[in-house]
> 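Handing you this structure, nothing more for now.
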Amino acid sequence: MSHERRLRIKTLFMVLLMVVCANLGDLLLKRGMLQIGAVQISVPGLWHALLATIHNGTIWLAILFLLGFTLCYMTAVSWADYSYVMPAGAFGYALQTLLAMVILHEAVNAQRWIGVVLIVTGVLLVGQTHPSTTQPKVETL
Amino acid sequence: MIKLGVMLVFFICCSTGGEIAMTYGMKQVGEPESFRPGALLRFIAKAMSNGWVWCALPLLGASFYSLLILLSWAPLSIVIPASAFNYVVGTFGAKYLLREQVSVKRWMGVVMVCIGVTLVLLTGKN
């Protein structure tokens, strides 16, 4: 297997893991914040919000998935370009729509389909470029 | 409204700045030798000893917390396009700070993804 093909496959695998962790994390985060309610911007308000997030199990589960996402992201950018990994991760939004339609039988309107087509086309365009255009930097600045 | 604008700019700066610092640091760390648990642990330990990764963590933490505040303050119709705009800001950062070669094809892809994400998520809120 050529070096470039191997690079593409392992980047794709890491991006898929990122997508799963990020989507689950975001979903749980939104649920947790709905449980907490609107955050007031004042010292007591922010303190109250901080304590509420610390004591909320859903937020902790969300943080766990978002940590998983961060680790996958760190691994992916250790070999691939940031401008390659970042848009490729948006494929998750298109996947969510397809799953909503196939599994949940949700109606998907034209605007959303246009969005999905744009994301998939955009990711395919980015995917055709070389995953890594910089050399690893061994020395620190 | 000004408060919301300041928080949106703060969120975008922290999010993009954090991701760029993280990428810079991870390029110094290098990729894991393999995906075995021992190699992955060594990889994480090496990443945790990199200064740029430590610069990125507070920025990403601040972006996470500002996103929580934005989600509790503003409708998704404002928060989503702002976070989708991160794709464009991030690509500028990749080109000028990380010196990545961003071809026309990659730029077109990024802009399409940015518009697409906004369309999908704005429909999702309904």
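Worth knowing before you read on, the calculation uses all heavy atoms, side chains too, and leaves out hydrogens, waters and symmetry mates. Naming convention: chains lettered A, B, ... in sequence-line order (proteins, then strands); numbering from 1 in each chain.
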> Let me know if B:Val117 has heavy atoms under 4.5 Å from chain A in its side chain, its backbone, both or neither.
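B:Val117 touches chain A through backbone and side-chain heavy atoms alike.
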
> With the side chain counted from C-beta on, respond yes when A:Phe91 and B:Val113 share a heavy-atom pair under 4.5 Å apart, and no when they do not.
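Side chain of A:Phe91 against side chain of B:Val113, heavy atoms only: no contact under 4.5 Å found.
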
> CD/A:Gln111 to OG1/B:Thr118 distance, rounded to the nearest 0.5 angstrom?
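Rounded to the nearest 0.5 Å, the CD-OG1 separation comes out at 10.0 Å.
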
> Do you reckon B:Met26 sits in the same ILVMFWY cluster as B:Trp52, going by side-chain contacts under 4.5 Å, direct or chained?
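Linked, B:Met26 and B:Trp52 end up in one cluster.
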
> Testing A:Val117, A:Leu125, A:Val126, A:Val123 for side-chain contact (heavy atoms from CB on, under 4.5 Å) with B:Met112, which one passes?
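Testing B:Met112 for a side-chain contact (heavy atoms from CB on, under 4.5 Å) against A:Val117, A:Leu125, A:Val126, A:Val123 leaves exactly one candidate, A:Leu125.
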
> Does CZ in B:Phe35 sit with more than 12 non-hydrogen atoms of other residues, nucleotides or ligands closer than 6.0 Å?
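Atom CZ in B:Phe35 is packed in, count exceeds 12.
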
> Is there a path of hydrophobic side-chain contacts, each under 4.5 Å between heavy atoms of I, L, V, M, F, W or Y residues, that connects A:Val15 with A:Leu17?
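Unlinked, A:Val15 and A:Leu17 end up in two clusters.
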
> Throw together a table of side-chain donor-acceptor distances under 3.5 angstrom for residues 2-9 of chain B, partners on residues two or more places apart or in other chains.
none

> Let me know if A:Tyr84 has heavy atoms under 4.5 Å from chain B in its side chain, its backbone, both or neither.
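Answer is both: backbone and side chain atoms of A:Tyr84 are under 4.5 Å from chain B.
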
> Which pair of heavy atoms, one from B:Gly116 and one from A:Leu118, lies closest together, and at what distance?
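Smallest interatomic distance, heavy atoms only, reads CA-CB, 3.8 Å.
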
> Measuring heavy-atom distances to chain A, does B:Val53 have an atom under 4.5 Å in its side chain, in its backbone, in both, or in neither?
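Only the side chain of B:Val53 comes within 4.5 Å of chain A.
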
> Under 4.5 Å heavy-atom distance to chain A, tell me which part of B:Thr91 shows up: side chain, backbone, both or neither.
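Backbone plus side chain of B:Thr91, per the 4.5 Å heavy-atom cut-off to chain A.
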
> For B:Phe92, what residues pass the ring pair (Phe, Tyr, Trp, His ring centres under 6.0 Å) criterion, not counting sequence neighbours?
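Testing B:Phe92 for ring pair (Phe, Tyr, Trp, His ring centres under 6.0 Å), a comparison that skips the adjacent residues, returns B:Trp107.
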
> In terms of heavy-atom pairs under 4.5 Å with chain A, which of B:Arg99, B:Met108, B:Glu100, B:Lys105 leads?
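Between B:Arg99, B:Met108, B:Glu100, B:Lys105, the count favours B:Glu100.
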
> Strictly distance-based, threshold 3.5 Å: is any side-chain N or O of B:Ser72 a donor or acceptor partner for the main-chain N or O of A:Ala38?
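The answer is no, because no donor-acceptor pair under 3.5 Å joins these two groups.
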
> Tell me the closest heavy-atom pair linking A:Ile114 and B:Leu119, and the distance in Å.
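Result for this residue pair: CG2-CD1, 3.8 Å.
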
> Picking from A:Gly127, A:Ser132, A:Ala80, which has the most non-hydrogen pairs under 4.5 angstrom with chain B?
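Most pairs with chain B among the choices: A:Ala80.
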
> Determine the minimum heavy-atom distance between A:Trp79 and B:Pro32, stating which atoms define it.
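That closest heavy-atom pairing would be CZ3-CD, 4.2 Å.
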
> Tell me, side chain or backbone of A:Leu66 under 4.5 Å from chain B's heavy atoms, or both, or neither?
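Side chain only.
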
> Treating Ile, Leu, Val, Met, Phe, Trp and Tyr as nodes and any side-chain heavy-atom pair under 4.5 angstrom as an edge, say whether A:Leu7 and B:Leu98 lie in one connected cluster.
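Result: no, two separate clusters.
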
> Does the side chain of B:Arg106 pick up a donor-acceptor pair with the side chain of A:Ser83 at under 3.5 Å?
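B:Arg106 vs A:Ser83: donor-acceptor pair found between side chains.
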
> Checking A:Ala49 against chain B: side chain, backbone, both or neither under 4.5 Å from a heavy atom?
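Both the backbone and the side chain of A:Ala49 come within 4.5 Å of chain B.
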
> When only heavy atoms count and the cut-off is under 4.5 Å, which of residues 38-48 of chain B reach chain A?
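Those residues of residues 38-48 of chain B which have a heavy atom under 4.5 Å from chain A are B:Phe43, B:Ile44, B:Ala47, B:Met48.
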
> Does the side chain of A:Tyr82 come under 3.5 Å of the side chain of B:Glu19 through a donor N or O and an acceptor N or O?
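On atom types as modelled, these side chains qualify, holding a pair under 3.5 Å.
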
> Working to the nearest 0.5 Å, report the span between OG1 of A:Thr134 and NZ of B:Lys27.
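Here the interatomic distance stands at 4.5 Å.
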
> May I ask you to list the residues in residues 59-70 of chain B that approach chain A closer than 4.5 angstrom, counting heavy atoms only, ordered by number?
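Against chain A, the residues of residues 59-70 of chain B that fall inside the cut-off (heavy atoms, under 4.5 Å) are B:Phe64, B:Tyr65, B:Leu68, B:Ile69.
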
> Given the options A:Ile36, A:Asp81, A:Leu29, which has more heavy-atom pairs under 4.5 Å with chain B than any of the others?
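Heavy-atom pair counts peak at A:Asp81.
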
> Heavy-atom distances under 4.5 Å only: say whether A:Met74 touches chain B with side chain, backbone, both or neither.
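For A:Met74, heavy atoms of backbone and side chain both lie under 4.5 Å from chain B.
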
> Following the transitive rule for hydrophobic clusters with a side-chain heavy-atom cut-off under 4.5 Å over Ile, Leu, Val, Met, Phe, Trp and Tyr, establish whether A:Met14 and A:Leu12 coincide in one cluster.
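No; tracing contacts between hydrophobic side chains, which count when under 4.5 Å, never links both residues.
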
> Please classify the contact between A:Leu50 and chain B as side chain, backbone, both or neither, with a heavy-atom cut-off of under 4.5 Å.
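Both the backbone and the side chain of A:Leu50 come within 4.5 Å of chain B.
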
> Determine the minimum heavy-atom distance between B:Val120 and A:Gly115, stating which atoms define it.
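For B:Val120 and A:Gly115, the tightest heavy-atom pair comes out as CG2-C, 3.6 Å.
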
> Side chains of A:Ser78 and B:Val29, heavy atoms from C-beta outward: is any pair under 4.5 Å?
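SC-SC contact between A:Ser78 and B:Val29 ruled out.
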
> With a 4.5 Å cut-off on side-chain heavy-atom distances among I, L, V, M, F, W and Y, is there a chain of contacts connecting B:Tyr87 to B:Phe10?
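Yes, because B:Tyr87 and B:Phe10 connect within a single hydrophobic cluster, where side-chain heavy atoms sit under 4.5 Å apart.
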
> Do the non-hydrogen side-chain atoms of B:Glu31 and A:Lys10 ever get within less than 4.5 Å of each other?
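Sidechains of A:Lys10 and B:Glu31: in contact.
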
